[in-house]
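Only one structure is covered here, and it is reproduced in the block below.
Here the structure is a predicted model, which is why all the values come from computation and not from measurement.
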Amino acid sequence: MMRGLVLGFVWLAGAALAEPVTYAFEWTGGGGYSVKGALQYDSAAISGPFVLAQDLSCFVIEGSKEGEPVGRWALTMLNEETSWRLHFDPASASFLVDGEGIWMPQAWNMNGEGNDCGQDGFGFNIGNAAQDICVDNRLIFESQVAPGEPFPAIRVEGFDFPGDACNAPPMLSLLTR
């Protein structure tokens with residue numbers, strides 16, 4: 001009983017130290033295309049130098065061409081067929097780009113060929129050929145910029161995430177077995 005109580009206090013202390021960290025970002029591509037979005041993660045859950053796709057609790061991207069919406073993708077749309085890779089460096093407040101030692105560091109509902117973002121879907125990718133977007137299962141060549149182009153983000157205190165951008169927190173219970 002005492003051991004369980006101690007472990008409970010240790011868990012609560014760790015939960016109290018957890019801090020949600022939020023970054024907003026905007027990418028400018030070719031041909032008038034752009035992507036805006038944000039990500040959020042629990043600072044206590046990060047064990048390495050990078051924030052990875054599986055570390056996120058919230059994520060959303062919205063694409064546009066010359067200010068007109070072309071598509072969006074959010075974290076709760078993730079399924080077993082989704083191309084989903086994310087490498088974010090909180091120390092430099094930037095996404096890893098090609099040439100930083102990680103193959104295809106960003107694949108946000110888009111593979112390297114740009115043909116898997118879904119019917120009426122939207123995705124973003126950074127690979128060895130370019131940074132670009134996918135709309136309706138088609139690579140938008142016009143959107144491409146050089147793969148090594150820096151992709152910074154800005155830490156923000158608050159972001160109004162849409163409902164489908166965040167995974168629900170795990171259900172906790174104080175009931176004993």
| field | Min side-chain heavy-atom separation V145-W27 under 4.5 Å | value | yes
| field | Y41 reachable from I61 in the ILVMFWY side-chain graph, under 4.5 Å edges | value | yes
| task | Would you please indicate if the ring centroids of W108 and F59 are separated by under 6.0 Å? | result | yes
| said: Using side-chain heavy atoms (C-beta onward) and a distance below 4.5 Å, is C166 in contact with T76? | reply: no
| remark: To the nearest 0.5 Å, atom OH of Y23 lies from atom SG of C58 at 15.0 Å
| request: State whether the side chain of D89 and the backbone N or O of F50 hold a donor-acceptor pair below 3.5 Å, judged by distance alone. | output: no
| message | I need the minimum non-hydrogen distance between P105 and L96, along with the two atoms involved. | response | CG-O, 3.4 Å
| Do W73 and V60 belong to the same hydrophobic cluster, where Ile, Leu, Val, Met, Phe, Trp and Tyr are linked whenever their side-chain heavy atoms lie under 4.5 Å apart, directly or via other members? | no
| So do the side chains of N125 and N111 get within less than 4.5 Å of each other, counting heavy atoms only? | no
| message | For S34, is there any backbone N or O sitting under 3.5 Å from a side-chain donor or acceptor partner on T28? | response | no
| said: Between D98 and G148 (side chain of the first, backbone of the second, donor and acceptor by atom type, cut-off under 3.5 Å), is there such a pair? | reply: no
| task | Could you check F151, F159, F88 and say which one makes a ring pair (Phe, Tyr, Trp, His ring centres under 6.0 Å) with F25? | result | F151
| query | Should the heavy atoms of other residues, nucleotides or ligands under 6.0 Å from CD1 of I154 be counted, would the total exceed 12? | reply | no
| field | Members besides F141 in its Ile/Leu/Val/Met/Phe/Trp/Tyr cluster (side-chain heavy atoms under 4.5 Å) | value | M110, L139
| Do L75 and F95 share a hydrophobic cluster, counting only Ile, Leu, Val, Met, Phe, Trp and Tyr and linking them when any side-chain heavy atoms are less than 4.5 Å apart? | yes
| note | Partner of L56 under side chain to side chain contact (heavy atoms under 4.5 Å, CB included), picked from L78, N167, L39, is L39
| Is there a side-chain contact between H87 and L52 (heavy atoms, below 4.5 Å)? | yes
| said: Quick check on Q119: does its CD atom have over 12 non-hydrogen neighbours (other residues, nucleotides or ligands) under 6.0 Å away? | reply: yes
| Electrostatic pair D164-R72, nearest N-O below 4.0 angstrom | yes
| request: Evaluate the side-chain proximity of M77 to N109: yes if any heavy-atom separation is below 4.5 Å, no if none is. | output: no
| request: Give a yes or no answer on whether the side chain of N137 reaches the backbone of G118 with a donor-acceptor pair at less than 3.5 Å. | output: yes
| field | Heavy-atom donor-acceptor pair, E19 side chain to S43 backbone, under 3.5 Å | value | no
| field | Close side-chain approach of M104 and R85, heavy atoms under 4.5 Å | value | yes
| message | Between V35 and V135, is there shared hydrophobic-cluster membership here, with clusters defined by ILVMFWY side-chain heavy atoms closer than 4.5 Å? | response | yes
| message | Donor-acceptor pair, distance only, cut-off 3.5 Å: does the side chain of E62 make one with the backbone of G37? | response | no
| message | Donor-acceptor pair, distance only, cut-off 3.5 Å: does the side chain of N128 make one with the backbone of A130? | response | no
| query | Does any non-hydrogen side-chain atom of N115 lie less than 4.5 Å from one of R138? | reply | no
